[in-house]
Amino acid sequence: MRIVNTFISDGGEVPSYTYLSLKKARETNPEVPIDFICYDEQSFFKELEINWIPQTSITSNELTKFNEICWFKEHGTPNTTFPSPDLFWHRTCERIYYLAAYINQRRYYDVFHFENDVLIYGDISTVPTTHAISLTPMSAQQVTFAFAHIPIPSMLKQLCYHFNILLGYGNDYLIQKYGFDHVSEMSLLHAAHEDGWFSGFPTLPLHGG
């Protein structure tokens, strides 16, 4: 069992909240190896016993293909108080490919991943998991990588391959087929969930009322 987290960028410091997230994870899981994929080594990695994995050391056929065909490179959330930067949706999807490539290169099984604004309050060995990838549904039409479990590395590689097939259909086709209002990693994950590629943690109510 290990934790592998990511921040894919063109370099520099990761967001400050990342330190708080990793610090909490280390406090609650003192014996679990934690790897972090990013462009530059961060000053707090040694303090928290985080293994820096240089982003530039990772590649895969799926990642290369994604960067060739992904069309939402400039898409963010405009006209808000805190607009998303350019490449926001691209990066959030791209990180899944980096994660998949890394754990396949190392043949790491039983991997947990969580986003950098998520706090872990317990021992991850107590999380109920299955033999399939487990992800975090956020709504009826969006699934997130906020907290994820990957039991077998090849499963995530196959999911990335499936993403590339979906992206190849184009924006209009995906919106018409699956009914979401834009294409991002959350909507692609929803589509993959609909297609039975993974299971969801019980984050949504099963019954109305």
Considering all heavy atoms of both residues, which atom of [X] and which atom of [Y] are nearest to each other, and what is their separation?
X    : Y    : answer
I103 : P153 : O-CB, 3.6 Å
N29  : G122 : ND2-O, 3.1 Å
H131 : M155 : O-CE, 2.9 Å

Keeping [X] on the side-chain end and [Y] on the backbone end, is there a donor-acceptor pair under 3.5 Å?
X    : Y    : answer
S21  : V118 : yes
N116 : Y17  : no
E41  : N51  : no
T64  : S60  : yes
Q42  : E13  : no
Q55  : S9   : yes

Worked verdict on I150 versus F112 for side-chain contact (heavy atoms from CB on, under 4.5 Å)
CA-CA 6 Å; I150 302 97; F112 285 89; over 6 Å; no

Rounded to the nearest 0.5 Å, how far apart are [atom1] of [X] and [atom2] of [Y]?
X    : Y    : atom1 : atom2 : result
N164 : H162 : CG    : NE2   : 10.5 Å
C93  : I8   : SG    : CD1   : 11.5 Å
I175 : K177 : CD1   : NZ    : 14.0 Å
W89  : S184 : CH2   : OG    : 4.0 Å
T59  : N67  : OG1   : CG    : 9.0 Å
F66  : N61  : CZ    : CG    : 15.0 Å

Side-chain donor-acceptor contact under 3.5 Å, [X] with [Y]:
X   : Y    : answer
Y97 : R95  : no
E47 : Y19  : yes
D35 : Y102 : yes

Testing T136, L99, T92 one by one against F145 for a side chain to side chain contact (heavy atoms under 4.5 Å, CB included), which residue passes?
L99

So among E185, E62, H113, which one has a side chain to side chain contact (heavy atoms under 4.5 Å, CB included) with I96?
E185

Mind checking whether [X] and [Y] have side chains closer than 4.5 Å, heavy atoms only?
X    : Y    : value
V111 : H149 : no
I58  : Q105 : yes
I34  : L48  : no
P137 : Q142 : no
P151 : D110 : no
V127 : F201 : yes
K23  : F44  : no
V183 : L188 : yes

One pair to check against side-chain contact (heavy atoms from CB on, under 4.5 Å): I124 and M1. What are the steps and the verdict?
CA-CA 9 Å; I124 59 172; M1 179 185 301; 3.6 Å; yes

Can you see whether Y108 has R2 sitting over its ring - NZ or CZ less than 6.0 Å from the centre and within 45° of the normal?
yes

Given the rule in the side-chain contact (heavy atoms from CB on, under 4.5 Å) test, do T6 and C38 qualify, once you have shown the distances and angles that lead to the verdict?
CA-CA 6 Å; T6 64; C38 62; over 6 Å; no

Atom [atom1] of [X]: over 12 foreign heavy atoms under 6.0 Å:
X    : atom1 : result
Y39  : OH    : no
Y169 : OH    : no
F45  : CZ    : yes

Go through the steps for I37 and N5 under the test side-chain contact (heavy atoms from CB on, under 4.5 Å), then give the verdict.
CA-CA 6 Å; I37 302 168; N5 287 359; over 6 Å; no

Single-linkage hydrophobic cluster, 4.5 Å side-chain cutoff, L119 and F36 together:
no

Cluster check I165, L189: I/L/V/M/F/W/Y, side chain < 4.5 angstrom:
yes

Which word best sums up how the rings of H190 and Y178 line up, parallel for under 30°, tilted for 30 to 60°, or perpendicular for over 60°?
perpendicular

Taking only Lys NZ, Arg NE, NH1 and NH2, and the carboxylate oxygens of Asp or Glu, determine whether D10 and R91 approach each other closer than 4.0 Å.
yes

Pair R26 + E49: basic N to acidic O under 4.0 Å:
no

